[in-house]
Amino acid sequence: MGLRVYNTLTRRVEEFAPLEAGHVRMYVCGPNLYGPSHVGHALSYLVFDVIRRYLEYRGYRVTHIQNFTDIEDRIIETARAQGTTIEALAGRYADRFLREMNALNIRRADHYPRATEAIPQMLDIIRALLARGFAYAVDGDVFFRVTAFPAYGRLSGRSLDEMQAGSRVEVDPRKEHPMDFVLWKAAKPGEPSWDSPWGRGRPGWHIECSAMSLAHLGNHLDIHGGGQDVVFPHHENEIAQSEAYTGAPPFVRFWVHNGLLRLTEGPEKMTRHLGNIVTIEEALGRYHPDAIRVFVLSSHYRSPATWSDASLEAATRGAERLRIAAEHAEAVLRSAAAGKGETRRASGLAPAADAARAAFEGAMDEDFNAPRALAAVFDLATALNKAADSVTQSPETAPATAELEAGSRMLRGLAGVLGLTLTASMSPAQQAALRRLAEDLVREQPGLFDPAHPLVDRLRAGGAGNAVSGEELVAFIADGRMRARQRKDWATGDAIRSRLDSLGILLEDTPTGFTWRLR
RNA sequence: GGCGACGUAGCCAAGUGGCAAGGCAGGGGUCUGCAAAACCCCCAUCCGGCGGUUCGAAUCCGCCCGUCGCCUCCA
């Protein structure tokens, strides 16, 4: 059974196969660089990141192109309002965008072409469209003639007649048809502009994506993605321009659109225009990237989702559960107990891991059903926890070491296809606070620590600096705490645990010692 | 007004006509000095409402109620 993908163009789930065997050409609408991106954008990029990761998991080579819109009305307005240039403004937000993509563990596209670097290709397309009667020039503006393109409206499922009836904006009287759209805009005084056969001007709103996708991916893309809100007019216009230009339909074989995100407060979709946004920066300040991802993957990519603290907190707990399962199994593997598992009979973990992989692939094959795939990962986490527990608690059903290892690898592997890191890292602030705590403890309760430990003197002198890792510090402190607990000095032990907890470090006692993790 | 989605447990949410995944929260238990985590058990005779088709419907059809998207820049 192969991969099936919903195609907006046909409104059906279809068998997926790229035009060129083994190679998927994918273009995803990127950011307009006039301001910060919000979590609605993040949702879209996360969705296509997972699609890309799964395609690669299935063995496809993926060429992933994402555009940067760096010339557009609001960029001009914003740059003017801030007293800067469009280059500086767009550059600043492009850098920020890439940093945020990294933080969200979204893999880099192969290339991020910028609109202003594709002006020559745009001019080529516009010239060709004029020559073939698909466009007309008026006073330095160039319009696309929708009546010359019979398939216009097919993607969004509307006819030109319907669209005229519903038209709510005043129509430029120079247009032949109300739905004709601008390919090239004559320059206004003080605006950035480029030379063209029709005078100085700048590109219209839709031409950049046609120019850049055709330039980087050729005349036929396998997948073109974006939010459902850009189906019309943006993608409809892209089809018209591109196919009229190449004369070789289809421009795109699979149109893939994600559902939109809204905020709990006020039911409308999140959009920079309405101002009801949570920026990616704010989201990352509050939630772990894995939590944001679990939230996004918890509902199907074509359904609308609602951003709420309750949902994000639930996702945080879910992401933690997966991370703990992986870390727990790995801790057991590192401990002495696992070594004895070599010859034990099969525990049921291996079949559970196989079942999880099969369920995962079955789900993702069916139009990237990530919620179901995620459910398979959760089931595997449960099986893995059970197996890891049995190593110390009921050895008669414990898995062999190799089996436990394969199980935890499978968990990380499948989670990784969804882009989950299953890691938590200590922030520099946490690390500094941890060092202060260690210094305080060495001074307050020297008896807790082994005087021979190399850290003791350095901490007492306050000179441990940054050379000591957070992991070493936690191990050092936890070791001191263990000494107190061995003396049944529960009060001291609990106090240290609670001080670590307030730094976001959770100590957990186990029959064989302790484990710790970041909250 | 036109076109298109969606309404499933306290919350989020999957569900391809054949006895309702998963996560969070909650209750009980095991483990434990305590805590945490983990594990086990429980938690929708029911899928917005009313009809219809069918041996059988959350899944198909009709009507109604409600919510949202697009029709304008928008992931």
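Chain letters run A, B, ... following the sequence lines, proteins first and then strands; every chain starts at 1. Atoms considered below: every heavy atom in the structure, side chains included; atoms not considered: hydrogens, waters and symmetry mates.
Atom-to-atom, CZ of A:R74 to P of B:rU72 comes out at 15 Å; the value is rounded to the nearest Å. Here the P atom of nucleotide B:rC31 and the NE2 atom of A:H328 are 17 Å apart, to the nearest Å. In this structure, NE2 of A:H257 is placed 12 Å from P of B:rC74, rounded to the nearest angstrom. For the pair A:W490 CH2 and B:rC34 P, the computed distance is 9 Å after rounding to whole Å. Rounded to whole Å, atom C1' of B:rA75 lies 12 Å from atom CD1 of A:I277. One interatomic measurement links the two molecules: CG of A:L260 to C1' of B:rC6, which rounds to 13 Å at whole-angstrom precision. Going from atom CG of A:N385 over to atom C1' of B:rU30 covers 15 Å, rounded to whole Å. We find that CD1 of A:I207 is positioned 18 Å from C1' of B:rC73, with the value rounded to whole Å.
Using a 4.0 Å heavy-atom cutoff across all strands shown, A:R158 reaches at least one base atom of the nucleic acid. At a threshold of 4.0 angstrom between heavy atoms, the contacts of A:R517 are confined to the sugar-phosphate backbone, with no base atom among them. At the heavy-atom level, A:G40 lies under 4.0 Å from base atoms of the strands shown. A:I324 comes within 4.0 angstrom of the backbone, heavy atoms only, and of no base. Across all strands shown, A:S303 has heavy atoms under 4.0 Å from sugar-phosphate atoms exclusively, and none from any base. Contact annotation for A:T316: no contact, since no heavy-atom pair falls under 4.0 Å across all strands.
Taken from CZ in A:R293 to CG in A:L104, the straight-line distance is 7.5 Å, to the nearest 0.5 Å.
Scanning atom types as modelled, no donor and acceptor separated by under 3.5 angstrom connect the side chain of A:N369 and the base of B:rG15. Counting distance only, with no hydrogens placed and no angle test, the side-chain atoms of A:R485 and the base atoms of B:rG33 include a donor-acceptor pair under 3.5 Å. For A:R372 against B:rA21, no side-chain N or O and base N or O form a donor-acceptor pair under 3.5 Å. For B:rC74, the base has no donor-acceptor partner in the side chain of A:N32 [N/O atoms by modelled type, under 3.5 angstrom]. If you check distances only, the side chain of A:R262 never reaches the base of B:rC68 with a donor-acceptor pair under 3.5 Å.
OP1 or OP2 of B:rA38 has not a single side-chain nitrogen or oxygen of A:K386 nearer than 4.0 Å.
For A:H235 and A:W255, the ring centers are positioned less than 6.0 Å apart.
Closest to the side chain of A:E72, out of B:rA75, B:rG33, B:rC73, is B:rC73.
Base-pair partner of B:rG4: B:rC68 (Watson-Crick or G-U wobble, both distances under 3.5 Å). Nucleotide B:rG10 is matched to B:rC24 when pairs are restricted to Watson-Crick or G-U wobble geometry with both distances under 3.5 angstrom. Nucleotide B:rC73: unpaired (no Watson-Crick or G-U wobble partner with both distances less than 3.5 Å). Pairing partner, B:rC63: B:rG49, with both Watson-Crick or wobble hydrogen-bond distances short of 3.5 Å. The nucleotide B:rC55 finds its pairing partner in B:rG18, both defining distances of the Watson-Crick or G-U wobble pair being shorter than 3.5 Å.
The nearest heavy atom of RNA chain B to A:A383 and to A:G157 marks one nucleotide each, and the one closer to the 5' end goes with A:G157. Residue order along RNA chain B, read from the 5' end via each residue's closest nucleotide, puts A:A310 first among A:A310 and A:G318.
Under the 3.5 Å distance criterion, with hydrogens and angles disregarded, a donor-acceptor pair is assigned to the side chains of A:H257 and A:T8. Counting only N and O atoms by type, the side chains of A:D494 and A:T492 include no donor and acceptor under 3.5 Å apart.
By the 30° and 60° cut-offs, the orientation of the rings of A:F144 relative to A:F181 is parallel.
Within the 3.5 Å criterion, the main-chain N or O of A:D141 finds no donor-acceptor partner in the side chain of A:K185.
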